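Values in this document were obtained by computation on a predicted structure and should not be read as measured data.
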Amino acid sequence: MVHTSLDKIISLQQNTSNIRNICILAHVDHGKTTLADCLVASNGIISNRLAGKLRYLDSREDEQIRGITMKSSAISLHYATGGNDYLINLIDSPGHVDFSSEVSTAVRLCDGAIVIVDSVEGVCPQTQVVLRQAWLENIRPVLVINKIDRLIVELKLTPQEAYTHLQKILEQVNAVTGSLFTSKVLEERAEKDTEKQGTSESSSGEQIYDWSAGLEETDDSHLYFSPDQGNVVFASAIDGWGFSIQQFAQMYCQKMGIKSEVLLKTLWGDFYLNAKAKKIMKGAQSKGKKPLFVQLVLDNIWSLYEAVVIRRDKEKVEKMVASLGLKVASRDARHSDPKVLLSAICSQWLPVSNAVLTMVCNKLPSPLDMEAERAEKLMCSGARRFESLPEKTQELKTAFLECKNDESAPVIVFVSKMFAVDSKALPRNKQRPLTQEEIAQRREVARQKHAERLAANQGANEGAEDPEQAPARAAPQTAPPTGEKSAGGEAAAAAPGAPTPALRLGRPAVEEEEEGREHFVAFARVYSGVARRGQRVFVLGPKFDPSQALNTLPEGCCASDDLPPVPHMACCTLESLYLLMGRELEELKEVPSGNVLGIGGMEEWILKSATLSTSPACPAFTPLNFEATPIVRVAIEPKHPSEMPKLVRGMKLLNQADPCVEVLIQETGEHVLVTAGEVHLQRCLDDLRERFAKIEISASEPIIPFRETVIRPPRVDMVNEDLGRQQKVAVIHQAKEDQYRVPEGLQVDSGGLVTLTTSNKLATIGIRALPLPEEATRLLEGNSHLIRTMEQFNLSVKEGKTLEINRKTLESIRDFRERLEAQLQGWKWRNAVGRIWSFGPRRYGPNVLLNNLEDYQRPSVWQCLEKEKPEAGAFRDFDSCIVSGFQLAALSGPMCEEPLMGVCFSLEKWDMKFSPPPPPPPRRDSAEEEEEDASATRRDP
């Protein structure tokens with residue numbers, strides 16, 4: 001296909017209904033980048049022969065060396081089908097678990113996804129992860145079952161066995177999707193039941209709930225992958241072929257005289273062809289017949305592989321090529337590698353790019369088809385309900401759904417990540433193409449040089465024939481004396497393209513600094529309006545509250561006005577807009593809604609992600625869902641201590657360029673890098689050395705963080721023998737000896753109660769540490785997002801504000817409390833859930849602080865579940881100090897200073913003795929004061 005021009009891409013951006021924003025998701029090494037190469041080759045950007053070998057979207061050197069994708073890259077493709085021109089904004093994402101954060105940044109900007117599954121390996125762990133991410137972001141997936149050639153060449157399956165194997169893979173993928181769908185339906189069903197119970201009184205007698213009732217009523221026909229629905233493609237991207245059922249249905253409808261609609265429904269399934277009756281009948285498996293898919297599709301592909309790859313039968317290959325009406329180049333037919341001939345045949349017969357892009361255009365939605373549920377989910381961050389947002393903010397939902405490009409439409413842009421580019425890659429620093437005048441001028445200079453060279457050669461030949469006249473001819477060519485200049489020298493100096501008389505040995509320092517500087521480009525999508533270069537917009541942070549902004553800012557204001565400061569909001573200018581074309585950037589003047597773009601000059605305003613808008617009523621988008629958590633940490637330092645400022649600057653740049661990495665500075669001054677895994681760690685260290693810090697650094701051995709906890713004393717020793725009475729006595733004596741070593745003011749009784757008195761004897765605290773049940777600890781870990789929501793609500797109540805929580809979140813919190821009560825059973829855990837003081841560390845961790853004080857009834861952490869509006873207050877003095885101490889203790893344990901896990905601290909004693917205030921100074925009579933003032937006046941000189 002001919003290379004698509006930039007002007008064509010810009011014109012396609014205006015038609016929002018024909019835009020498809022898609023990403024490629026899969027497990028590692030399932031063929032994402034190879035398939036992306038085939039799609040890129042369909043636009044003439046790379047050669048078809050290099051597809052699968054070049055890995056065009058893997059622009060990093062370490063990606064090419066390791067053979068895996070490490071960052072998501074975008075490219076815009078043009079595809080025409082059905083008389084319409086489509087713009088495909090394709091994002092290739094990593095499959096390695098270390099880089100799953102890059103998948104999250106890609107999924108947020110898309111409306112659909114191509115999920116690739118290896119036909120041999122089937123559904124893998126990361127396949128389930130990416131399907132879940134697509135489900136959480138409400139984007140529609142299509143399926144590509146890749147590497148079908150491995151079933152033929154490696155596993156050597158028959159077509160019938162391959163058909164059964166492909167059926168099982170489809171069942172595996174649909175099982176993952178079905179489990180996600182089931183959980184959603186049951187949650188909605190539970191919400192409806194809760195609403196009914198809240199509005200009407202419960203009937204007498206025992207109630208029986210049928211949890212499967214909602215599944216039978218809900219339509220899930222659009223949900224599953226099935227070849228007859230057109231959302232499945234069978235492919236071998238490395239060999240360049242792929243097909244859908246529709247292609248073979250149209251191919252055979254004329255040959256067999258059967259309607260394509262009938263073939264579309266029967267090509268996949270338990271159907272076979274009755275040759276005598278010339279009818280398609282059901283029951284192929286029970287009657288021992290070949291299924292239609294095997295007979296009409298797989299047999300032909302197996303025959304082609306057998307003739308070209310396995311047997312190398314030239315005569316059969318020529319017959320097959322002639323019957324298909326294809327033309328194969330003679331060099332491909334004579335090539336020693338049979339895969340070259342196979343790719344030449346398959347890329348013409350069943351090009352994978354046509355099958356995949358046709359499926360994308362027909363089955364995946366455009367930006368205009370965004371569901372209202374997804375728009376509300378993007379606008380409601382945390383526990384906020386859509387109904388609780390300001391009216392002007394709720395009106396923006398229409399802008400999301402309509403995706404207008406009018407002047408009146410507010411501009412809404414979401415930046416999912418920041419990525420670094422070299423200054424040489426920016427369009428303004430690229431070498432521009434020559435104009436026609438410049439080409440003509442250089443052509444004339446080349447002709448003059450060629451004529452001079454011919455004249456010089458002719459003169460040299462004449463001198464060789466008459467050696468006596470050679471010195472005479474050579475004399476005029478000698479160099480003129482110093483201070484003189486020949487006419488020829490002036491002409492040579494004036495001639496364009498001639499070498500300059502002096503070489504420029506160095507460049508200005510400003511140019512060198514600009515060339516070595518790393519620039520950041522924001523990876524973003526326009527959801528509404530038209531983003532223009534030079535436009536002023538609001539930059540909204542994750543904690544931005546639109547209601548606070550609307551109350552502070554004047555009505556009808558814009559980002560170019562002089563406005564009062566608003567928390568978590570800033571104003572900036574869109575300096576540069578780029579079209580993302582894989583390894584290259586193309587500069588744009590404006591980008592309409594529904595398109596993916598790059599924005600330059602935002603590194604001063606955005607750290608990792610942000611929301612941009614021309615309306616202060618726009619809310620900050622929901623934070624990205626990161627599946628992987630950074631756990632591998634190393635301490636780094638420069639080899640030369642004088643280069644520490646460069647390391648600090650480089651770590652700041654790395655923190656901005658990577659959505660998952662964490663950069664910490666310990667209390668000891670040690671610089672720590674926290675990454676998602678060893679591969680991610682190696683990439684970050686290479687980036688620090690070569691791009692951001694550009695210095696030699698030393699890194700410690702990778703450290704995996706641990707968790708500390710408390711356990712009960714063992715009843716058996718290391719060989720499972722019961723501890724004897726003498727050993728128990730020894731343990732008790734050891735405990736008594738340790739008690740004498742405790743600091744002054746600290747007492748530990750036999751029951752484990754630790755009593756501490758402060759040095760000024762004014763406060764006494766008694767606290768006990770207990771191990772939480774293992775199931776309760778897991779429950780706390782799995783519901784940290786709910787605990788966070790509760791803490792936000794309690795903080796707002798304490799400050800006298802109101803925070804609305806949607807009904808679904810409240811139901812989840814109520815269910816979480818019930819399950820926690822079920823896990824904490826027994827006399828020592830009586831009413832423990834209701835007496836929880838705080839969670840920790842960071843107020844949402846798997847440790848709890850219990851309030852076992854009889855004389856202190858503080859507000860509950862479950863205030864959001866109370867029907868009556870909770871009242872702020874009733875906090876004892878120094879309550880926050882107790883909570884802060886608990887958070888510090890839970891964050892840094894006594895053994896290795898690692899966070900605690902599964903520990904319950906029970907506060908059982910808290911006595912405060914306030915010292916009496918100092919007595920006031922004795923009052924003096926007014927007469928005494930007057931007399932003292934008079935004496936002071938007499939002493940004054």
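- Using a 4.5 Å cut-off on side-chain heavy atoms (C-beta onward), Leu612 and Val539 make contact.
- The list of salt bridge (Lys or Arg N to Asp or Glu O under 4.0 Å) pairs with a residue in residues 22-50, not counting sequence neighbours, reads Arg49-Asp332.
- Defined by atom type and a distance below 3.5 Å, a donor-acceptor pair is present between the side-chain atoms of Thr33 and Asp92.
- Residues Lys377 and Glu137 are not paired through a salt bridge, judged by the lack of any N-O separation under 4.0 Å between the basic side chain and the carboxylate.
- The heavy-atom pair separating Leu563 from Cys557 by the smallest distance is CD2-CB, 3.7 Å.
- The pair Lys424-Asp422 does not count as a salt bridge, with every side-chain nitrogen at least 4.0 angstrom from each carboxylate oxygen.
- For Arg532, the CZ atom is densely surrounded, since the number of other residues' heavy atoms within 6.0 Å is greater than 12.
- Comment: Asp58 does not engage Arg583 in a salt bridge, judged by the lack of any side-chain N to carboxylate O separation of less than 4.0 angstrom.
- In this structure, a donor-acceptor pair under 3.5 Å is present between the side chains of Lys71 and Ser73.
- Note: Glu376 CD to Phe400 CZ = 11.0 Å, rounded to the nearest 0.5 Å.
- Every residue meeting the side-chain hydrogen bond (donor to acceptor under 3.5 Å, both in side chains) condition with Ser17, not counting sequence neighbours, appears here in chain and number order: Asn15.
- Considering Gln535, Arg533, Arg536 as possible partners of Thr573, the one that fulfils the side chain to side chain donor-acceptor pair (under 3.5 Å) test is Arg536.
- Donor-acceptor pairing under 3.5 Å is recorded for the side chains of Ser593 and Asn405.
- Within 6.0 Å of NZ on Lys404 lie no more than 12 heavy atoms contributed by other residues, nucleotides or ligands.
- Side-chain atoms of Asn21 and Asn89 include a donor-acceptor pair closer than 3.5 Å.
- Rounding to the nearest 0.5 Å gives a distance of 10.0 Å between CD of Glu586 and CD1 of Ile9.
- A salt bridge between Arg374 and Asp111 is present, with a side-chain N of the basic residue lying under 4.0 Å from a carboxylate O of the acidic one.
- When ring centroids are compared, Phe414 and Phe621 come within the 6.0 Å threshold.
- For Ser560, there are no side-chain hydrogen bond (donor to acceptor under 3.5 Å, both in side chains) partners, not counting sequence neighbours.
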Practice task
Determine, stepwise, if the pair Val413 / Ile599 fulfils side-chain contact (heavy atoms from CB on, under 4.5 Å).
Solution key: CA-CA 10 Å; Val413 180; Ile599 307 176; 4.1 Å; yes
